[in-house]
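The structure appears below as structure tokens.
Here the structure is a predicted model, which is why all the values come from computation and not from measurement.
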Amino acid sequence: MLAAMSGGVDSAVAAARAVDAGHDVVGVHLALSETPDALRSGSRGCCSREDAADARRAADVLGIPFYVWDFATRFREDVVDDFVAAYAAGQTPNPCLRCNEKIKFAALLDKALALGFDAVCTGHYARLVAGELRRAVDAGKDQSYVLAVLTRHQLAHAMFPIGDTPKPGVRAEAAERGLRVADKPDSHDICFIPSGDTRAFLGTRLGVRPGAVVDADTGAELARHDGVHGFTVGQRKGLGIDAPAADGRPRYVLGIEPATGTVTVGPASALDVRTIEAGRPVWSAGVAPGSRFECIAQVRAHGGVAAAVAEPAPDGLRVELQEPLRGVAPGQAVAIYRPDARGDVVLGSATITATA
């Protein structure tokens, strides 16, 4: 069993539980930066200077072998470059989801299996029950949404030991085990943006691409901007508009057109989405549940949930929401869950391409 150890409390306890379960565990920390000297210090992200040392100390406490594997080039190509390209195309990507799909359960898992390991163990808050991916017991920490991109093969070689425990219980267990990361703060920032300033990060890579912010109703130009990469659908602040709307209500980003550099803004009511078109569907069981089926759709890691009807198509997936959701943007993932009482079984996911 290979335990991916980020240097945080969750992956440390996950590795400990794998050891307790009788697995022959080896800890691995992923080096994901091509310029490690530029990494932030402190615990604001999952790639700070201290994280590798924290992971090593945890492995020492657990008495397991520990290695650092270099996936920096693959991470840049599959996660960072993908992130930049998506914003340049007017989309809103989720880099954590792409990291799970391309790095932890593709590059890492492939290497682990090639070396004779049977599975990869991580500190994600999710559960695997009889081969089905389910939400974590701790709804506030649930990460099944960012794992919904995993294939049947990948899930068969995955282990999520802490999904049945609320976060306070994980911290308490870490303290009891003598793990120094017991009180380490959770990471929230995008790990490869040390400053936390996404717009500035994208600006250095995409340069100035001037365009206009226009009113959805009148077509009037309200402001100029330096690039559509500074905006996401549903955004309210940082629009650069000096004058208030005629009705005095806030304006939100409704649409982004990268070819012309146009950012369209309007009232919150115009953000309502009832239909989602998505591509690159991945089904947890290997096949779609049916030609047309009821489900629960989720469009953000925490929130954006509605009952829906999904219909697979040759070029993707169409999801009809039974009640509107707001702030749904191309580039995001729509995760599909079984429509039972809890709605906690993941059926699959797809990347949103259009909304209506």
Side-chain angles (χ1 to χ4, degrees), residues 1-33 36 39-71 75 96 99-100 103-105 108-109 111-112 115 117-128 135-144 146-147 157-191 194 301:
M1 171 74 66
L2 188 149
M5 303 183 71
S6 67
V9 61
D10 298 326
S11 61
V13 172
R17 290 188 175 185
V19 172
D20 288 351
H23 295 284
D24 185 5
V25 180
V26 173
V28 168
H29 180 77
L30 304 186
L32 301 179
S33 175
L39 293 177
R40 67 168 68 96
S41 60
S43 303
R44 293 178 56 210
C46 65
C47 294
S48 70
R49 292 187 183 95
E50 292 87 350
D51 287 330
D54 287 341
R56 185 180 297 277
R57 280 191 290 267
D60 287 344
V61 171
L62 300 178
I64 62 175
F66 177 82
Y67 300 92
V68 176
W69 286 359
D70 186 355
F71 281 90
F75 183 77
C96 293
C99 183
N100 288 328
I103 305 300
K104 293 178 181 174
F105 293 96
L108 177 61
L109 178 59
K111 183 173 181 177
L115 291 174
F117 293 95
D118 57 355
V120 169
C121 164
T122 72
H124 284 99
Y125 281 85
R127 294 177 295 147
L128 279 170
R135 294 188 189 277
V137 168
D138 190 335
K141 291 294 181 180
D142 174 55
Q143 293 176 296
S144 61
V146 295
L147 295 169
H157 296 282
M159 182 177 177
F160 309 121
I162 65 170
D164 62 354
T165 306
K167 183 61 177 264
V170 171
R171 289 196 181 279
E173 181 175 334
E176 292 171 0
R177 291 178 180 273
L179 297 169
R180 289 176 53 182
V181 291
D183 296 321
K184 186 173 181 177
D186 291 340
S187 59
H188 297 288
D189 298 338
I190 297 174
C191 67

**OP:** Hey, could you give me the SG/CG distance between Cys99 and Leu30, rounded to the nearest 0.5 Å?
**Re:** 7.5 Å
Original post:
How long is the gap from CD1 on Ile103 to SG on Cys96, to the nearest 0.5 Å?
Top reply: 12.5 Å
Original post:
In chain order, what residues pass the side chain to side chain contact (heavy atoms under 4.5 Å, CB included) check against Ser144, with sequence neighbours excluded?
Top reply: Arg135, Asp142, Tyr337, Val346
Original post:
Considering all heavy atoms of both residues, which atom of Val120 and which atom of Lys104 are nearest to each other, and what is their separation?
Top reply: CG1-O, 4.4 Å
**OP:** Return the orientation label for the His124 and Phe105 ring planes: parallel under 30°, perpendicular over 60°, tilted otherwise.
**Re:** tilted
**OP:** Could you pull out the closest heavy-atom pair between Leu2 and Ala112, with the gap in Å?
**Re:** CD1-CB, 3.9 Å
Subject >> By side chain to side chain contact (heavy atoms under 4.5 Å, CB included) - contacts of Ala182 (at least two apart) >> reply: Ala174, Ala175
Which pairs of donor and acceptor atoms, one on a side chain in residues 55-62, lie under 3.5 Å apart (sequence neighbours left out)?
{"residue": "Arg57", "atom": "NH2", "partner": "Asp54", "partner atom": "OD1", "Å": "2.5"}

Only pairs under 3.5 Å count here: list side-chain donor-acceptor contacts from residues 13-28, not counting sequence neighbours, and write none if there are none.
{"residue": "Arg17", "atom": "NE", "partner": "Glu173", "partner atom": "OE1", "Å": "3.2"}
{"residue": "Arg17", "atom": "NE", "partner": "Glu173", "partner atom": "OE2", "Å": "3.3"}
{"residue": "Arg17", "atom": "NH1", "partner": "Pro161", "partner atom": "O", "Å": "3.1"}
{"residue": "Arg17", "atom": "NH1", "partner": "Asp164", "partner atom": "OD1", "Å": "3.1"}
{"residue": "Arg17", "atom": "NH1", "partner": "Thr165", "partner atom": "OG1", "Å": "3.0"}
{"residue": "Arg17", "atom": "NH2", "partner": "Thr165", "partner atom": "OG1", "Å": "3.0"}
{"residue": "Arg17", "atom": "NH2", "partner": "Glu173", "partner atom": "OE1", "Å": "2.6"}
{"residue": "Asp20", "atom": "OD2", "partner": "Arg177", "partner atom": "NH1", "Å": "3.3"}
{"residue": "Asp20", "atom": "OD2", "partner": "Arg177", "partner atom": "NH2", "Å": "2.4"}

Subject >> Check: Ala126 main-chain N/O paired with Gln143 side-chain donor or acceptor under 3.5 Å >> reply: no
Subject >> Closest non-hydrogen atom pair, Tyr125 against Asp10 >> reply: OH-OD1, 2.8 Å
**OP:** Of all the heavy-atom pairs spanning Leu32 and Phe75, show the shortest one and how long it is.
**Re:** O-CD2, 3.3 Å
Original post:
Do His29 side-chain atoms and Met5 backbone N/O form a donor-acceptor pair below 3.5 Å?
Top reply: yes
Subject >> Nearest-0.5 Å distance that lies between atom CG in Leu109 and atom OG1 in Thr122 >> reply: 11.0 Å
**OP:** Determine the minimum heavy-atom distance between Val181 and Gly8, stating which atoms define it.
**Re:** CG2-O, 3.9 Å
**OP:** Name all residues meeting the side chain to side chain contact (heavy atoms under 4.5 Å, CB included) criterion together with Arg171; count only those two or more places apart in sequence or in a different chain, and write none if there are none.
**Re:** Val9, Lys167, Asp186
**OP:** Can you see which heavy atom on Val68 is nearest to which on Ala31, and at what distance?
**Re:** CG1-CB, 3.9 Å
